[in-house]
Amino acid sequence: MAEIIVVPTPADAGRLAGAAIADLIARRPDAVLGVATGSTPLPVYDDLQHRLAGVDVSRVRAFALDEYVGIDRDHAESYHSIIHHQVTVPLGLDPDLVQVPDGQADDLERAALDYDAAIRASGGIDLQLLGIGSDGHIGFNEPGSSFASRTRVKTLTPQTRQDNARFFPSVDDVPLHALTQGLGTILEARHLVLLAFGEAKAEAVALALEGPLTARVPATAIHLHPHCTVIVDEVAAAHLADRAFYDYVYTNKPDWQGI
Ligand code: F6R
């Protein structure tokens, strides 16, 4: 079972995930991080910015989950730009060691294969941060995605485009397609840390954690992973039937176990 931790606020989740990433980097100065975009990981990046001040991160490598297809990489909302401004610069990472899928490639199938190959060549992702879409996606693996899928182009659902319209002038400006790590790619990371905050995520969180394993809710793929930590705030946990049990397990967790 994934470890499920319910915390009062997103900032508390940011501290827990930030501590896990800082510990990883202390153990492995050339750690490979899997980084996500969107609003959810921001408290983690905020926390890490303080935690990593003065730490040598020159060998840390990072791979983003996904990138829009059809917007310029210099567009303010491209994930190249977002990762650069929210992760690479504030955390002091070497830009040459931070990769984002190439959503502008002429040959997107080739770019997808190359991306999976680059992750493998790095030795694989040590810790993958994940948000969850209100439709249950992780990365941009929309409902119906194969649990075995590799990095490839996906069509964003109307729900996802609506959810992301807040970053664009209108919903029509949200790209229709994205190049995303597949569920099979994500499952190869050694540790998954899925975060979710707010009411809009409560139903997806309950379906992902307590519903049947189904491609209709891509985040249920986390149950196929041996080491997954889910950190949610009170509001996102509101629909969980077994909340008391998760709290009991977390309260009684052996001291020596990290997340
Ligand atoms: C982002 C990503 C998506 C988001 C998800 C939640 O790289 O792959 O799965 O994590 O759409 O987005 P936010 O955090 O903005 O609610």
Side-chain angles (χ1 to χ4, degrees), residues 9-11 13-14 17 33-46 62-69 71 73 75-88 98-103 112 115 119 125 127-145 149-168 171 174-187 189 192-205 207-208 217-222 228-233 235-237:
T9 68
L33 306 179
V35 289
T37 52
S39 306
T40 306
L42 295 179
V44 184
Y45 303 143
D46 279 351
F63 287 91
L65 272 173
D66 39 25
E67 173 61 293
Y68 290 119
V69 169
I71 57 174
R73 61 186 285 157
H75 188 291
E77 294 303 332
S78 81
Y79 287 173
H80 270 89
S81 299
I82 303 266
I83 291 289
H84 186 73
H85 294 300
Q86 294 180 350
V87 180
T88 312
V98 179
Q99 296 199 44
V100 180
D102 184 0
Y115 201 67
I119 293 174
I125 290 171
L127 185 152
Q128 175 67 58
L129 281 177
L130 296 168
I132 183 170
S134 61
D135 65 359
H137 70 218
I138 52 175
F140 275 135
N141 294 284
E142 297 289 33
S145 293
S149 51
R150 312 300 311 175
T151 299
R152 71 224 182 285
V153 173
K154 289 296 286 182
T155 304
L156 303 183
T157 61
Q159 177 70 52
T160 296
R161 295 182 76 218
Q162 191 59 55
D163 289 346
N164 287 5
R166 67 192 191 280
F167 298 117
F168 291 86
V171 68
V174 182
L176 251 176
H177 300 102
L179 192 54
T180 179
Q181 285 189 35
L183 293 173
T185 316
I186 291 170
L187 289 173
L192 304 181
V193 178
L194 187 149
L195 308 168
F197 311 126
E199 201 181 341
K201 303 296 175 68
E203 196 188 337
V205 164
L207 286 171
V217 183
T220 58
I222 63 171
C228 176
T229 309
V230 179
I231 312 175
V232 299
D233 68 359
V235 195

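Just so you know, ligand 1 is whichever comes first in the structure, and atom 1 is the first atom listed for that ligand. Starting from 1, each residue takes its place in the sequence as its number.
Below 4.0 Å from some heavy atom of Leu65 lie the following atoms of ligand 1, by number and element: 8 (O). Listed by atom number, the atoms of ligand 1 under 4.0 Å from Gly38 heavy atoms are 14 (O), 15 (O).
For atom 6 (C) of ligand 1, the nearest non-hydrogen atom of the protein is Ile132 O, 3.4 Å. Regarding atom 2 (C) of ligand 1, its nearest protein heavy-atom neighbour is Asp66 OD2, 3.3 Å. Nearest non-hydrogen protein atom to atom 5 (C) of ligand 1 is His137 NE2, 3.4 Å. The protein heavy atom nearest to atom 3 (C) of ligand 1 is Gly139 O, 3.5 Å. The closest protein non-hydrogen atom to atom 14 (O) of ligand 1 is Thr40 OG1, 2.4 Å. Looking only at protein heavy atoms, the nearest one to atom 10 (O) of ligand 1 is Gly131 CA, 3.3 Å. Among all non-hydrogen protein atoms, the one lying nearest atom 12 (O) of ligand 1 is Lys201 NZ, 4.2 Å. Nearest protein heavy-atom neighbour of atom 1 (C) of ligand 1: Thr37 OG1, 3.1 Å.
With hydrogens and angles left out, the side-chain atoms of Thr9 and Asp233 include no donor and acceptor closer than 3.5 Å. No side-chain donor from either of Tyr115 and Asp66 sits under 3.5 Å from a side-chain acceptor of the other.
Using cut-offs of 30° and 60° on the angle between ring planes, the pair Phe140 and Tyr79 is parallel.
Heavy atoms of Arg166 found under 4.0 angstrom from ligand 1 belong exclusively to the side chain.
Closest approach of Leu129 to Ala36, counting heavy atoms only: O-CB, 3.6 Å.
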